[in-house]
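Every chain is numbered from 1, with letters handed out A, B, ... down the list of sequences.
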Amino acid sequence: MSGAAGIQRQRRARLTRRLRFLGLCAMLVLALCALILSLGQSFTPPATVLRVLGGEAVPGAGFTVLQLRLPRAVVGALAGLSFGMGGAAFQTLLRNPLASPDIIGISAGASAAAVFAITVLGLAGLPVAVVAVTAGLGIALLIYLLSWRQGVAGARLILVGIGLSGMMQSLTAYMLSQAESWTLQAAMRWMTGSLNGVQLEQALPLLAALAICGGVLLIAAPALEVMRMGDETAAGLGVRTGAVRAAVVVAAVGLVAVATAMVGPVAFVAFLSGPIAARMTGRDGSLLLPAALVGAVLVLTADYAGQFWLPARYPVGIVTGVLGAPYLLFLIIRSNRTGGGL
Amino acid sequence: MSVESLSIRALAAGYGGARILKGIDLEIAPGQITAIVGANACGKSTLLRAMSRLLTPESGEVLLDGTSVHATAPRALARRLGLLPQAPQAPEAITVLDLVSRGRHPHQGIFGGWSAQDEAAVAEALELTGTDALAEREVAALSGGQRQRVWIAMALAQQTEVLLLDEPTTYLDVNHQVEVLDLLTDLNRRRGTTIVMVLHELNLAARYADRLVAMRAGEIHAEGAPGEVLTETMLRAVFDLEARVMDDPVSGRPLMIPLGRHGLRANEREEARR
């Protein structure tokens, strides 16, 4: 039975590759957090950082580490996990890398709703996240209804989504311009995403969303993988395709919308994480967990680069935008060349 | 392996108000190969879809060992009844091993967990279909015949007692059509799997099936052994086709030869004119 031995070898090789990638990403996230905590405008020795995190009052370092750096690292990592997983869930479900929530208007809708909640309704904190999630679900439903014509075809759904995304972005810009008091910093957050001025309390809604929505997605992951073979084959394998689709959409929108309500629609993180994870781990298993970790690495790296590696300080969304735009162009050019619609 | 019975009772079904199946009664012979034939749009595929859970009937029922298929939980049903749709799509960049392994989905718990039993089922499916040498290849890179064998391997890994296939030979060259039907027959003989398939090619259906079901306009026109069903009268009624039926010199099963208007011998032309 050389066949069985070959199968074992293949399975083991694949599992090793996957675990190695997950481990590498997790270590990278931790390393980035350590970097962010100790090296900013000034250098804080790692030993001091640990003492501060341990609850010791260290004059000078305490404020910098706990108030400025820690929220940035924690909220950035959690938002990255959310964007990465939510994006990969959409891309897998709709079998198209362009069908990512930040391309088809779900992030933009959540952002517009957050701005509305803050500037018009005067809300703050958790209620903003609730409004953003509701708007994200509303946009998802609207895309679905507008692109429905005896079934939902990929290209139509994506074009409708891009259109809605544009509308939502102009709505955000309009509301910001009408707001009584708004700063460039706030505008930057709601237009492109930014970690400037984040608070540690903002990690709580993100943690809750990751626990609930992320949990749902990870439970649905095997069924979602089977659905990549088409609805009929999946149904033949015992998958309740309608229920899985609804659960995945709601959970993915929840993740992306909560993250957007906290840090703004950080450009292209949801869009890039899945394809990067697929390139690194292969396309045989579920991408949700690898993509989540890639998302965290992307956000933390881009935010750090935007703060310290570039001539001026840029918000994270500007940096990820610069990274994502070429890939978007590449996908569009490739799909034109292969004649495969979008 | 126990042999499950599959009965269809007064089944009516359709899409969005258009009724395609108009009261079907049919007993599927357990442990045998049944081929459903008929002209395009006669409801063959619809019948197959209603026999699995893909389509909910308007009335009537499909009973697997006495219990309604549509009242059975999808996962439990998928452990007993498999379905291979017409022209299934392989996900991007997936290997043969992984595709076949997905046949184990209904046997796994919520948190996955790959057992030795799963591994054995996959290895057996690969071996039976002769795709073990292809295990590490990407499905997209295979020929049409190989790819269909891989899909059948996935359905085999599911280890169901009943297997429904919607036109398993479409888009295949004739040699691969024969290969696939031989493979399904092996499976039926070795494991006693009940096979129900929609087939376009009448002569191959008569050759490989134990039972033929001929459908016309959403109803069953004839059902029985190939020799009873594949007749000149049936071809006229179901396909509106003038044809000669004779004994296949290779198998002894009925062989259908359409008359058409051209290419006939002189004596046949005389006869066709009368």
Side-chain angles (χ1 to χ4, degrees), chain A residues 1-15 17-18 91-97 150-151 154 215-216 218-244 274-275 278-279 281-287 289 338 340, chain B residues 16 49 52-55 72-112 114 119-120 122-124 126-127 131-133 135-136 138-139 151 154-155 158 160 163-164 166:
Chain A
M1 286 282 281
S2 66
I7 289 171
Q8 294 250 310
R9 184 163 35 80
Q10 198 188 336
R11 273 200 213 290
R12 210 170 305 130
R14 192 189 308 155
L15 188 67
R17 185 179 178 189
R18 193 177 165 81
Q91 289 166 328
T92 308
L93 183 70
L94 298 170
R95 295 182 214 117
N96 193 326
Q150 283 146 0
V216 167
L218 289 180
I219 288 173
L224 190 58
E225 275 301 295
V226 170
M227 280 171 68
R228 288 174 64 213
M229 302 192 291
D231 278 12
E232 294 202 346
T233 309
L237 289 168
V239 174
R240 292 177 196 265
T241 52
V244 171
R279 189 56 60 85
T281 64
R283 202 52 199 92
D284 279 336
S286 169
L287 281 183
L289 208 50
T338 54
Chain B
R49 290 167 58 90
S52 60
R53 280 186 55 118
L54 285 189
L55 183 64
T72 310
R75 201 175 265 266
L77 181 67
R79 289 194 285 264
R80 296 162 64 195
L81 182 137
L83 170 85
L84 196 57
Q86 191 180 354
Q89 42 184 312
E92 211 182 325
I94 192 173
T95 61
V96 169
L97 176 60
D98 197 59
L99 187 82
V100 175
S101 301
R102 286 168 189 223
R104 298 302 294 167
H105 183 76
H107 296 270
Q108 295 186 311
I110 290 184
F111 296 102
W114 190 253
E119 198 63 277
V122 169
E124 191 197 6
L126 289 169
E127 198 205 318
T131 50
D132 33 7
E136 299 184 30
E138 270 189 25
V139 177
W151 282 108
M154 186 204 75
Q158 204 175 338
T160 58
L163 181 55
L164 312 178
D166 194 356

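Contacts of B:Ile94 with chain A are made by both backbone and side-chain atoms, with heavy-atom separations under 4.5 Å. Contacts between B:Leu164 and chain A at a heavy-atom distance below 4.5 Å are absent for every atom of the residue. Both the backbone and the side chain of B:Gln89 come within less than 4.5 Å of a heavy atom of chain A.
Sorted by first then second residue, the side chain to side chain donor-acceptor pair (under 3.5 Å) pairs that include residues 219-235 of chain A, not counting sequence neighbours, are A:Glu225-A:Arg228, A:Glu225-B:Arg102, A:Asp231-A:Arg245, A:Glu232-B:Arg49.
Counting heavy-atom neighbours within 6.0 Å of B:Gln86 CD, excluding the residue itself, gives a total above 12.
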Practice item. Using the side-chain contact (heavy atoms from CB on, under 4.5 Å) rule, take A:Met229 and B:Leu99 through it: C-alpha gap first, then chi angles, then the decisive distance, then the call. Key: CA-CA 9 Å; A:Met229 302 192 291; B:Leu99 187 82; 3.3 Å; yes
Practice item. Under the side-chain contact (heavy atoms from CB on, under 4.5 Å) rule, what do B:Met154 and A:Leu237 come out as? Steps first, then yes or no, please. Key: CA-CA 10 Å; B:Met154 186 204 75; A:Leu237 289 168; 4.1 Å; yes
Point to revise | Steps toward salt bridge (charged side-chain N to carboxylate O under 4.0 Å, His left out) verdict (B:Glu136, A:Arg9) | key: CA-CA 10 Å; B:Glu136 299 184 30; A:Arg9 184 163 35 80; 3.7 Å; yes
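Ranked by heavy-atom pairs shorter than 4.5 Å toward chain A, the options B:Leu54, B:Leu83, B:Leu126 are led by B:Leu54. Interface check for chain A: of the options B:Gly82, B:Pro106, B:Gly103, the most heavy-atom pairs under 4.5 Å are formed by B:Pro106. Between chain A and the residues B:Ala93, B:Ala78, B:Pro85, the largest count of heavy-atom pairs under 4.5 Å involves B:Pro85. Among A:Ala223, A:Ala220, A:Ala235, the residue making the largest number of heavy-atom pairs under 4.5 Å with chain B is A:Ala223.
Using a distance-only test at 3.5 Å, with no hydrogens or angles considered, no donor-acceptor pair links the side chain of B:Gln108 to the main chain of A:Pro222.
Here B:Thr95 contributes atom OG1 and A:Arg283 contributes atom CZ; the two are 12.0 Å apart, rounded to the nearest 0.5 Å.
The shortest heavy-atom contact between A:Asp284 and B:Asp98 is O-OD2, 3.0 Å. Closest non-hydrogen pair, B:Pro74 versus A:Arg240, comes out as CD-NH2, 3.3 Å.
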